[in-house]
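Remarks on the structure that follows.
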Protein chains: 2
Amino acid sequence: MRQWNSWGDSRVSMAVHPNARVFLEELLGPGTPLKDALLSDVLATVPPSRLPEHPLISTDAEVRVRHARGQSLPDWLAMRSGRFELFPDGVALPTSSAEVAELLALAKQHDWTVIPYGGGTSVVGHINPLPDSRPVLTLSLARLNHLINLDRGSQLATIGAGASGPQLEALLKPHGYTLGHFPQSFELSTLGGWIASRSSGQQSLQYGRIEQLFAGGRVETLNGSLVMPTLPASSAGPDIREIILGSEGRFGVITEATVRISRLPEREEFRVYFLPDFASAEAAVREIAQQKLPLSMLRVSNSEETRTQLILAGHKLAIASLEKVLSWRGAGEGKCMLTVGFTGSNDKVRYALLEVGRLLKQYDAVPTGKTLGTRWLQNRYKAPYLREALWKLGYAVDTLETAIDWPKVTSYTRDVEQALRDGLSAEKESVLAFSHLSHLYAQGSSIYTTYAFRVGRSYEDTLARWNKLKAAASKEIVRHGGTISHQHGVGRDHAPYLPAEKGEQGMAVLRALANHFDADKRLNPGKLLID
Amino acid sequence: MRQWNSWGDSRVSMAVHPNARVFLEELLGPGTPLKDALLSDVLATVPPSRLPEHPLISTDAEVRVRHARGQSLPDWLAMRSGRFELFPDGVALPTSSAEVAELLALAKQHDWTVIPYGGGTSVVGHINPLPDSRPVLTLSLARLNHLINLDRGSQLATIGAGASGPQLEALLKPHGYTLGHFPQSFELSTLGGWIASRSSGQQSLQYGRIEQLFAGGRVETLNGSLVMPTLPASSAGPDIREIILGSEGRFGVITEATVRISRLPEREEFRVYFLPDFASAEAAVREIAQQKLPLSMLRVSNSEETRTQLILAGHKLAIASLEKVLSWRGAGEGKCMLTVGFTGSNDKVRYALLEVGRLLKQYDAVPTGKTLGTRWLQNRYKAPYLREALWKLGYAVDTLETAIDWPKVTSYTRDVEQALRDGLSAEKESVLAFSHLSHLYAQGSSIYTTYAFRVGRSYEDTLARWNKLKAAASKEIVRHGGTISHQHGVGRDHAPYLPAEKGEQGMAVLRALANHFDADKRLNPGKLLID
């Protein structure tokens, strides 16, 4: 069963290794967990619904609780404390595009606002109701999750936008295909959500971002149905798909999407190499990206992340002997871990292995084979579960990301980590921060930073700490000229920083589009653009 | 010197081989060329300018003639006949973004319309003045053609939007880089024009379309300057670049663009293979595209084009002996010519050669080595010159293209060629038509169709023939669900067919954008959208 106040499946849990606990206690001080609220307590706070009875709409209190918040740290604090503040007035679970259109017509007629809802995995406040005098209907796409069409010749699949990662891959696998879109939220996030927030999967180096995978589809808007045909390419005017990508529910509800699929690979493996320091690691992966070697993933942890990951991994003895060997071969104190994904035909993987091996040698990389890579693969979706385990020890964990041109990667990474480490100095609290590059481009890289801090004495106190850290990090992103988000979208939390990226005229274009689709600010108001 | 009534440089000319002439005469009947107008005659028809004197604006008659038309067949007929009908009232040649902004401000103040002008190579009427009570200013970017910044780390170059293909490559080459964007119009077309019309180069398989190359830039709009930052990727809302791409001068004037460049390749070669028939050729290239083998070009002529190309090539004896060998090896009557581009490091080219060779063998391809490929490379930009040579023999030649999903490629190609061949049956005229696939995607392919017909007794008659053929072909594109243009844009000629591609809601989005940027329809009115 999906947890009501946390990530994922209640049957899955991650243990924090005793070494990791010692490490955190030494660095951040001993944690004192905050008390979780009970679901029954929260249910008692749900106000009566302002929506009328309707066969497509549930106003059940628990359903409303379960659709009220996403997975950002503020959402977590709201859920764990039981102080949700706002709930949708009802949740609709339509089963067709026609029913979605019907619900939008009702919303228009009766003056409701509508929040499109995919997997509820937003980490930036996409699906949270905001104060509004109008009733709020959350429109879940969960039941639009079927395979509608499979075109083998063009390698296109049309799928309901509510299909989650596992559902979607299960629809394709029997036919011999994969979408290849594996964000960390894969277990719960949905096709429509990926499109609405411009998601990027862990193997985007091979399969592309959702922008490259989204070939066309159907969006129900307040003006009518917007249908985008599939074309391999077109020079006929601006691309309407690119207006829907990243629209975050403001322009309409994505109900069906046609995506570009790939044949299941003959061979796939993940190998780990260690490089002596971040400068050599960065130079090596930049070279690989600019040579466009055919890999499915490049993921390089900086020294801080490498050190932390090895400690968190436990297996003290095994790690010590690994470190001994690495050190002997030149990857000592400042070493950086690089995970490389090889995916495709046997020929292609052989070629890529040879080329990568040859190139990495020039940067003094030490190969360690497949063991650590296989381990990464097994745990690729587990980080959100670890967050809960750490929470129970009294530590809060959050992540943030940007993408930036190559010359700024090092200085940005240094500065954002420093800003986080210093962010709670007034509180005399330490902050753990480390980063990795995980989506690499010829032009630059994404930088994904994880930070951990002790929860405060209260939920309010903890939220205040997060607010400080998030603001400090966001300022560094803006100052260095990175994007406010590489893969999570804008939602509410990043909206104040969007103008720095889009500029005055860019923002005016987005507002003009919002006004065209929804002059009454009925669809997901306050998200993407601050209304 | 650039020709005033034709393509390209007056010093370059292509000869029509006697064999080709015989072939055309047998197929279409003997041609009777129409009489060309003289420049002096045309100059006499240029009306007084409605624009005031201004240091940035030339109202010289010849300058206005030279900026009045593009390179579509209707443009040709207008230029050759001397019946231009409309001229811009003046031509501005600003040298900076600030001067472009100044000119736009003047246009607003004095109620002029403005046509942004790159290389004047449009084949769909992009830069032609339309009847308007307001004075028409053509704004040429020709003087904004400098290298503004080169960022080696990110492989980004910022270049004035008026740089032509050769100018742009000459700016990059000394630094060891190439943009890799080589449309057939390369000699004259410009960076800004490529962006405004969503251009695609002959080696897009490797370098990407202009959409993938355009990283950011500056657009002067009537609302102010729109500056798009360079980011490797972003999930922060809809991508403003994608709204400028294909905007065809309607939303603003692109003055600077930052593009993603590549290191000059170590090795490049083009090899020709022959396949027994179109079915096997199409299956082979689809497989190559879907396996994403690292090639820079795939170009497969159908049987009709292969036959015609071999005849047009002349060298009767050499071709006969080639055909004998091919036939003996299984590529006889219906054979199709495939040109494959290999570009990159020595290692990569070796790998690609091996993989392509192995794969093509399964489709009974006959390799012929590099001779024909090198010949293709030498002539890659010459087709527009051939058009003039054929014109002088009394034949009109035009091309059109679409892109379509794989399952529709064969039926569309058959039907569009048949529609062209039958298009002048009322006139009892034959039409030569043949096609190739030249931009291949995992999802589908572009189809580029060339057609030739005898000019009529008069220019009017010839234009009427073209109108019939163009309409017949466009209808086939729409009927089969292809894009109305893969690489030439919409302009005026394709505008009636745009709604079929974008749909009612898609068109409404484009109109809303046009209204946002230019409610007075001052920028390139009537293009892209019929006002």
Side-chain angles (χ1 to χ4, degrees), chain A residues 151 153-156 197-198 209 215 221 223-227 229-240 242-243 245-247 260 290 294 347 351 355 403 405-407 439 441-445 481 483-490 494 498 501-503 505-506 508-510 512 516 528, chain B residues 151 153-156 197-198 209 215 221 223-227 229-240 242-243 245-247 260 290 294 347 351 355 403 405-407 439 441-445 481 483-490 494 498 501-503 505-506 508-510 512 516 528:
Chain A
D151 169 358
S154 292
Q155 297 194 164
L156 292 173
S197 65
R198 287 188 173 255
R209 295 169 60 85
T221 81
N223 304 329
S225 307
L226 169 62
V227 180
T230 65
L231 292 165
S234 167
S235 73
D239 192 339
I240 306 293
E242 292 280 351
I243 289 170
L245 284 156
S247 58
R260 295 173 177 142
Q290 293 185 342
D347 281 1
Y351 166 69
E355 291 289 314
D405 291 349
W406 280 116
H439 300 257
Y441 305 86
Q443 183 184 332
S445 179
T483 171
I484 195 61
S485 180
H486 171 269
Q487 69 217 50
H488 292 154
V490 177
H494 290 156
L498 190 63
E501 180 166 337
K502 300 292 185 187
Q505 293 303 324
V509 170
L510 296 183
H516 165 71
L528 180 62
Chain B
D151 169 358
S154 293
Q155 297 194 166
L156 291 174
S197 66
R198 286 189 174 253
R209 296 170 59 86
T221 82
N223 304 330
S225 308
L226 169 62
V227 180
T230 64
L231 292 166
S234 167
S235 73
D239 192 339
I240 306 294
E242 292 279 352
I243 289 169
L245 284 157
S247 57
R260 295 172 177 144
Q290 294 186 341
D347 280 1
Y351 166 70
E355 290 290 314
D405 291 349
W406 280 116
H439 299 258
Y441 306 86
Q443 183 185 332
S445 179
T483 170
I484 195 62
S485 180
H486 171 268
Q487 69 217 51
H488 292 152
V490 176
H494 290 154
L498 190 63
E501 181 167 338
K502 300 291 186 187
Q505 293 302 324
V509 170
L510 295 182
H516 165 71
L528 181 63

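Hydrogens, waters and symmetry mates are skipped; everything else that's a heavy atom, side chains included, is used. Being a predicted model, the structure only gives us computed values, none of them experimental. Naming convention: chains lettered A, B, ... in sequence-line order (proteins, then strands); numbering from 1 in each chain.
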Practice item. Have a look at R198(A) and tell me which of E242(A), H488(A), Q487(A) forms a side-chain hydrogen bond (donor to acceptor under 3.5 Å, both in side chains) with it. Key: E242(A)

Point to revise | Inter-residue atom distance Q290(B).CD - W406(B).CH2, 0.5 Å rounding | key: 7.5 Å

Check your understanding: Most heavy-atom pairs under 4.5 angstrom with chain B, which of N223(A), L528(A), V227(A), D151(A)?
Key -> N223(A)

Study note, to complete from the structure: Counting heavy-atom pairs under 4.5 Å with chain A, the top scorer among G503(B), G481(B), P294(B), G246(B) is G246(B)

Exercise for review: Using non-hydrogen atoms and a 4.5 Å limit, figure out which bit of P407(A) sits close to chain B: side chain, backbone, both or neither.
Suggested key: both

Study note, to complete from the structure: Closest heavy-atom pair, R260(A) versus L156(A), reported as atoms and distance to 0.1 Å, is CG-CD2, 3.8 Å

Study note, to complete from the structure: Applying a strict 4.5 Å limit to non-hydrogen atoms, the region of L245(A) in contact with chain B is backbone

Review point. Between S234(B), G489(B), G444(B), which residue shows the highest count of heavy-atom pairs closer than 4.5 Å to chain A?
Key: S234(B)

Practice item. Sort T221(A) into side chain, backbone, both or neither according to what part of it lies under 4.5 angstrom from a heavy atom of chain B. Key: side chain

**Study point:** Side chain, backbone, both or neither of L231(B) within contact of chain A (heavy atoms, under 4.5 Å)
**Key:** both

Practice item. Sort out for me which of P238(A), P229(A), S247(A) touches chain B most, counting heavy-atom pairs under 4.5 Å. Key: P238(A)

Revision key, fill the gap. Residues at least two apart in sequence or cross-chain that pass salt bridge (charged side-chain N to carboxylate O under 4.0 Å, His left out) with D239(A), listed by chain then number, are R241(A)

Review point. For chain A, which of P232(B), S445(B), G153(B) has the most heavy-atom pairs under 4.5 Å?
Key: P232(B)

**Study point:** Portion of H486(A) that has a non-hydrogen atom of chain B nearer than 4.5 angstrom
**Key:** both

**Study point:** K502(B) side chain to A236(A) backbone, donor-acceptor under 3.5 Å
**Key:** yes

Practice item. Using non-hydrogen atoms and a 4.5 Å limit, figure out which bit of I243(A) sits close to chain B: side chain, backbone, both or neither. Key: both

**Study point:** chain B contact via T230(A) - which portion, at a heavy-atom distance below 4.5 Å
**Key:** both

**Study point:** For chain A, the option from A512(B), A215(B), G224(B), A233(B) that forms the most heavy-atom pairs under 4.5 Å
**Key:** A233(B)

**Study point:** Which portion of S197(B) sits near chain A, non-hydrogen atoms under 4.5 angstrom
**Key:** backbone

Revision key, fill the gap. Looking only at G506(A), A403(A), S225(A), G237(A), the option with the highest number of non-hydrogen pairs under 4.5 Å against chain B is G237(A)

Check your understanding: Once you round to the nearest 0.5 Å, how far does CD of Q443(B) lie from CD of Q155(A)?
Key -> 10.0 Å

Review point. Most heavy-atom pairs under 4.5 angstrom with chain B, which of V490(A), D347(A), L498(A)?
Key: D347(A)

Review point. Quick one: CD on E355(A) to OH on Y351(B), what's the gap to the nearest 0.5 Å?
Key: 10.5 Å

Review point. In Å and rounded to the nearest 0.5 Å, what is the OG to CZ distance from S235(A) to R209(B)?
Key: 6.0 Å

Review point. So what's closer than 4.5 Å to chain A heavy atoms on H439(B): side chain, backbone, both or neither?
Key: neither

Check your understanding: In terms of heavy-atom proximity below 4.5 Å to chain A, should L226(B) be classed as side chain, backbone, both, or neither?
Key -> both

Point to revise | Interatomic distance, I484(A) atom CD1 to H494(A) atom NE2 [nearest 0.5 angstrom] | key: 5.0 Å

